[in-house]
Each structure stands twice: as structure tokens, then as C-alpha cells.
Amino acid sequence: MQAEPKSLLILGMAGGLARITSGLLLKRFPNIKIVGVDSRPMVREYPENRVTYLRMKYTRGNFEKIFRDYSFDSMLHLGRLSHAQSGPSLNLAQRLDLNLMGTKRILDLCLKYELKKVVVLSTFHVYGALKDNPTFITEDASLRASIKYPELRDVVEMDQLVSGWMWKNQSTISTVILRPCNILGPQINNTMTRYLTTSYAPVPVDYNPMLQFVHEFDMAHSLAESISHVPTGIYNVAPRDAISIREAKKLIGLPIIPVPLFLLEPIARGFNTPFWSFPHYLLDYIKYPCVIDGRSLEKELKQPFRFSIRETLNLLKDN
Amino acid sequence: MFKKLLTKINDASSPETRSHFDSIFAQLEKKYLGKEDPWGLNLEKARKSLERLWPLYKHYFRVRCFGTKNIKDQPYIVVANHSGQIAIDGMLICSMFSTQVEPPRILRPMVERFFTGIPFIGSWAAEGGAVLGDRQNCINLLERGESVLVFPEGVKGIAKDSEDFYDMKKFGRGFFRIALATGIPILPIAVVGAEEFYPLVWHPLKLARKIGLPAMPLTPNLVPLPSPVDIHVGEEFVIPKNLSADAPDNELDEYINKIHHQIQTMLDHGLESRRDFVGNMITDKLTKKMNLKD
């Protein structure tokens, strides 16, 4: 098991989560050097000279060059292209191509250049939000997200691709797949953060599912620990409690606009306004519960989560 | 008479009932810490539902409880006969556990998969404590010290024709495998009086299946009749230690039959001491079990 990473590659470096995780790793490991790659421009420069930022697409042919130039011992893959990042401009086929083909290529490079540790960020969306979900879904549950919505195929297939690769190569590379619940925080720009912080986003009047949130700092902490000492495997990332969607909205202090769910789908499909921007295929996540069991990772972490769900939501309100 | 009726309906807001409920929910708030639990229980909403149900529990169905001394302060898999076409019996058992058992607890009824997806009703039930009838879900709840309510007869038990009243259907095995996996004892319960909510019932099962419904009770009275209900709590059934949760069905059946027999005996005894009600006359005539007795 790898204890101290020396040279780390981070994909998706322009995101808020990568920034916080890099900060934690730089603090924890004085000798670490980080190379961050993203196709997006860097919002703020890193003051640290131990961080190199490269703006490029990881599907490009010359991507292998950076593996040759920097002898990485570990890789953190935060570069899954989600709907929130791609927007309506990219269709499912394009997202599938980027997420699946891109990831496959990177994993092959990790094997070729003999990296010791790979950490991939997946999502709890892979389990699917279904009416017959048990509360506290464990990591060995079936991935049913794409049963109803083929738009979630890229999410499920990427997770399955990495898990197949992980078990096949477990003797040579230690791989960790993290499936976090909704990540919230001032530096995170995902669908759920936007939904919860939009003043006039409608809330289902006929359903009130339980949701889980992990604070961006706790998520970054989980990623940093996964790089250094969490053993090979798939782990859910979630606190032990949950909160209903209406209670979460109340806590943030935004008005609750009750709308029957059958009306939300046409709204989500037809409009993309500042008041309501929500992919229709994620509507089931505000209809049925998808509460995951994070105890396996909890056992591996040296420190427990710092923020409870209520604290996380309160911090979001303050921002 | 109208005044008397209004007093009964408003019973939940009377000072005595309010103070009783305050004491119950003060204890429950300590147990659940927050307002909600991960299964969707919402203590505020559960209290509101209980306050609405209370006049029905006390004055309409005039529930009497027997054997509550058998309930200890520990988690249980509560196993009961299912009757009455709609799950009013479950609500009455849960109300008993909240209001007439010390310490009070929210008993978590396991509900059918189709139920959780019904708009409004699914979330209302979850806020009151109901949970999906899934094995893993049940184990997770029991591990957290909760008690669950199971009707092992399933839909077949609740959706009986008049002639089959008080004759329990075969039990499923899932509840016993959960008990074996967790070691949590089973608490048998017999509900007498719920069959008479709808004394005249006919189920066109073929038609129900065609339109995808689990049951389709046809009855002249749309509103349940005010049949007096008796809830009999039996002695706990201790789970055998030498049996694995993955044992073959035939090894389990011996124990499941014992539990079935225990509840059926409690039902038969309960029928002898039930209160007079107009619906009893109908069921006495139509029900095979009653006719066999004569």
C-alpha cells in the first residue's frame, strides 16, 4: 500500500474539488508534486510552485507525453464530464465518448507507466433513484441508474469500466472508486448545489425523498486519504444521516414553491432558465430516495467527517 | 349528541390527551435526536397523523389492548395477522405502540413496493414511520434498534373474501430469515375485529390481475364500519440459535408454522371474547371458520 505520493496527476484540475484536494495534499505531503490537467482555463493560479497546470483535453493524442515527462506514481481522476459541466451543447453520445473512451485511455496509460495508485471519482447516481431502493444502499448493489434514463448510461458504464479494470489489475495497481452522495459547497457547481441555492426552483409537492450531502471539504479529505492509504475497492461517500428535500430547502432559507412532479418534467425538458435548470433525467433523485451506506469508507478514514448534513446546508446558506 | 361527537373528534386537542402526547413525543425526540431519520420518519408529521388517528383509535374502533406487558424495551420483529382490506390494522397496531406501550416507540410497518411510489401517500406514510418491505432495509432498521411490523400473509391476507375471514393464510419466510440473521425476537400479535370493517367483500382476482392491482375489494360500504378492535400481544418467540439464516426452506417451516399456529390460537381465543357488533352477525353467517365452530 502506498503511503506518501510523490508525483500526482489530477484530471479535472479546474474544478473546485480539485483545488481543495490539492491544497490538502500539498499540506499533508511536503515532497509531493502535482500536475493538473483540464480543458477549462484555470480560474485562479496556484501560489505553490509544486503545482503545474496544463490546459489540454485528455482525449488528445499528445496526452501520453505528460506521462513520459513526469513520472507519476498516482492519479486522481476528477474529470468525468457531467451534465452540469457540459450543458445541453453535448449530447449523450459525445459525453459517452469523452467519459468512456477518455477514461479507458488514461487507465491504459496508468498501467503502461506503472502507477501505484489510481483514485476515480464516480457518483451515487449509478445506483439510480427508484421507489424500491432500500435505505443505505451498499457498494455491492446493482447499478440501475440507466434502466429508466439512458442519459445516465455514461455514468454507469464509466463506473463499470473502472471497476472491471480495477479488479483485473489489482495485483499491480491499487485503485479506489468513490461514489459520493451530493457534494455541496461554495466551490462546487453541480446540479444539486444550483438547485438548492436557486430561489425559485420548484419543489415536488407529492414526494419528499431523503437526500444526503457531503461537504466539499469532507469530500476532498476522503480523496486525499484515498490517495495515501485507502485500500483497493469501491466506496460510497456519505454521512450516516439524511434530510428530506423540503427540510433542506427550509434550512437554506429559500422559499418552497410546491409543484406536482408530473409538471416538473416538461418544465425541465422545455426550459433552461435562471429560475429552473435541472436535467430531466435527474428528476427521480428529487422524487425517490437514493440513500447510500458510507460505513466502509468511514472505517478506512483516519478522521471522521467534519460537517454534518445540517452544518453543510447552513454553510451553503451563509455563502 | 352532536356536542358529544364533536368532543370525541376533538379529543386530540383536549388537555389530557395533549399532555399524554407531549410526554410521548418528548421521549421520542430524545431517541431520534433530530426531526427526521434516514427512512423519512418526521416526528412532527408523525405526531400530527397520530393526533388525527387518535379519535378513531379511541372512539370509532374502540381499541382494547391485551398482553402489552409482554412488550419489553428492546427491538422486535412484530408479526401480525393481516385483515380489513386496507391497512387500518397496521395503523392501529402502530398507534398502540406509540401510545399504550412503555417506553413509547414508533413501530415501523413494512409496506409493499408499489405503495412507496404513490404520490402524496408514499411520502405521508414514510413521514409517519412506514418503510419499504425490503429485507436489507429491515435489517438496517433493526440494527439501529428499531422495531418493525411485518404481515407475513402479505396482500393475500388482507384481501380475503368474507368466507375466509379469521382463517390466516400461509406465511412467507422472509421475516423469519431476517430474524435469524439479526437474532431479534419475534413478537406475535392477533388483531380481532378488523375483518368486520368490510364484512361483505368479494375480490374479482382475475380482473385485478389484468389491470395490475394486487387486490380489488368490492364491498357495499366504502367507509370502514366502526367494528370494535381487540389487539392481543402474545409472548415473544425466541429465535433458535442453531439455525442459519440461509438454511433450506423445510428447516424453517417448522418454526414458521409454530408462529402461525400461535397467532391463529390467539385469534380463536380473541374471537370468543370480542364485543358485540352488527358486522359480527354477517361474518358469523358467511365465514367458514365460524360455521365450523357451530
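Scope of the values below: all heavy atoms of this structure, side chains included, with no hydrogens, waters or symmetry mates.
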Report task. Return yes when atom CD of E44(B) has more than 12 non-hydrogen atoms of other residues, nucleotides or ligands closer than 6.0 Å, and no otherwise. Result -> no
Requested in this report: Could you tell me the separation between the NZ atom of K35(B) and the NZ atom of K250(A), rounded to the nearest 0.5 Å?
Outcome: 4.5 Å
Requested in this report: Work out which heavy atom in G117(B) is nearest to a heavy atom in Y207(A); give both atom names and the distance.
Outcome: O-OH, 2.8 Å
Query raised in the report: Measuring heavy-atom distances to chain A, does E112(B) have an atom under 4.5 Å in its side chain, in its backbone, in both, or in neither?
Result: neither
Query - Proximal component of N133(A), with respect to chain B [non-hydrogen, under 4.5 Å] - result: backbone
Query - R295(A), CZ atom: more than 12 neighbouring heavy atoms under 6.0 Å - result: no
Query raised in the report: Which is it for F136(A) and E143(B) under the side-chain contact (heavy atoms from CB on, under 4.5 Å) test, yes or no, and what are the steps along the way?
Result: CA-CA 12 Å; F136(A) 296 120; E143(B) 279 174 355; over 6 Å; no
Report task. Please indicate whether K31(B) has more than 12 foreign heavy atoms, meaning atoms of other residues, nucleotides or ligands, lying under 6.0 Å from its NZ. Result -> yes
Report task. Answer with side chain, backbone, both or neither: which region of Y288(A) has an atom nearer than 4.5 Å to a non-hydrogen atom of chain B? Result -> side chain
**Report entry** Contact origin within Q212(A) toward chain B - heavy atom pairs under 4.5 Å
**Finding:** neither
Query raised in the report: With only heavy atoms counted, which part of I243(A) is less than 4.5 Å from chain B, the side chain, the backbone, both or neither?
Result: both
Query raised in the report: Judged by atom type as modelled, is there a donor-acceptor pair below 3.5 Å linking the side chain of N137(B) to the main-chain atoms of T135(A)?
Result: yes
Requested in this report: Examine whether an atom of L141(B) lies under 4.5 Å from a heavy atom of chain A, and if so say whether it belongs to the side chain, the backbone or both; otherwise answer neither.
Outcome: neither
Query raised in the report: Which pair of non-hydrogen atoms, one from L132(B) and one from D132(A), has the smallest distance, and what is that distance?
Result: CD2-O, 3.3 Å
Query raised in the report: Going from CZ on F114(B) to NZ on K131(A), what distance comes out if it is rounded to the nearest 0.5 angstrom?
Result: 9.0 Å
Query raised in the report: Quick check: are there more than 12 heavy atoms from other residues, nucleotides or ligands sitting under 6.0 Å from NZ of K170(B)?
Result: no
Requested in this report: State, to 0.1 Å, how close A242(A) and P38(B) come at their nearest heavy-atom pair, and which atoms those are.
Outcome: CB-CA, 3.9 Å
Query - Separation of N208(A) CG from E36(B) CD (nearest 0.5 Å) - result: 7.0 Å
Query raised in the report: Picking from S123(B), P119(B), G40(B), which has the most non-hydrogen pairs under 4.5 angstrom with chain A?
Result: P119(B)
Report summary line: Separation between CE (M210(A)) and CG (D37(B)), nearest 0.5 Å, reads 6.5 Å
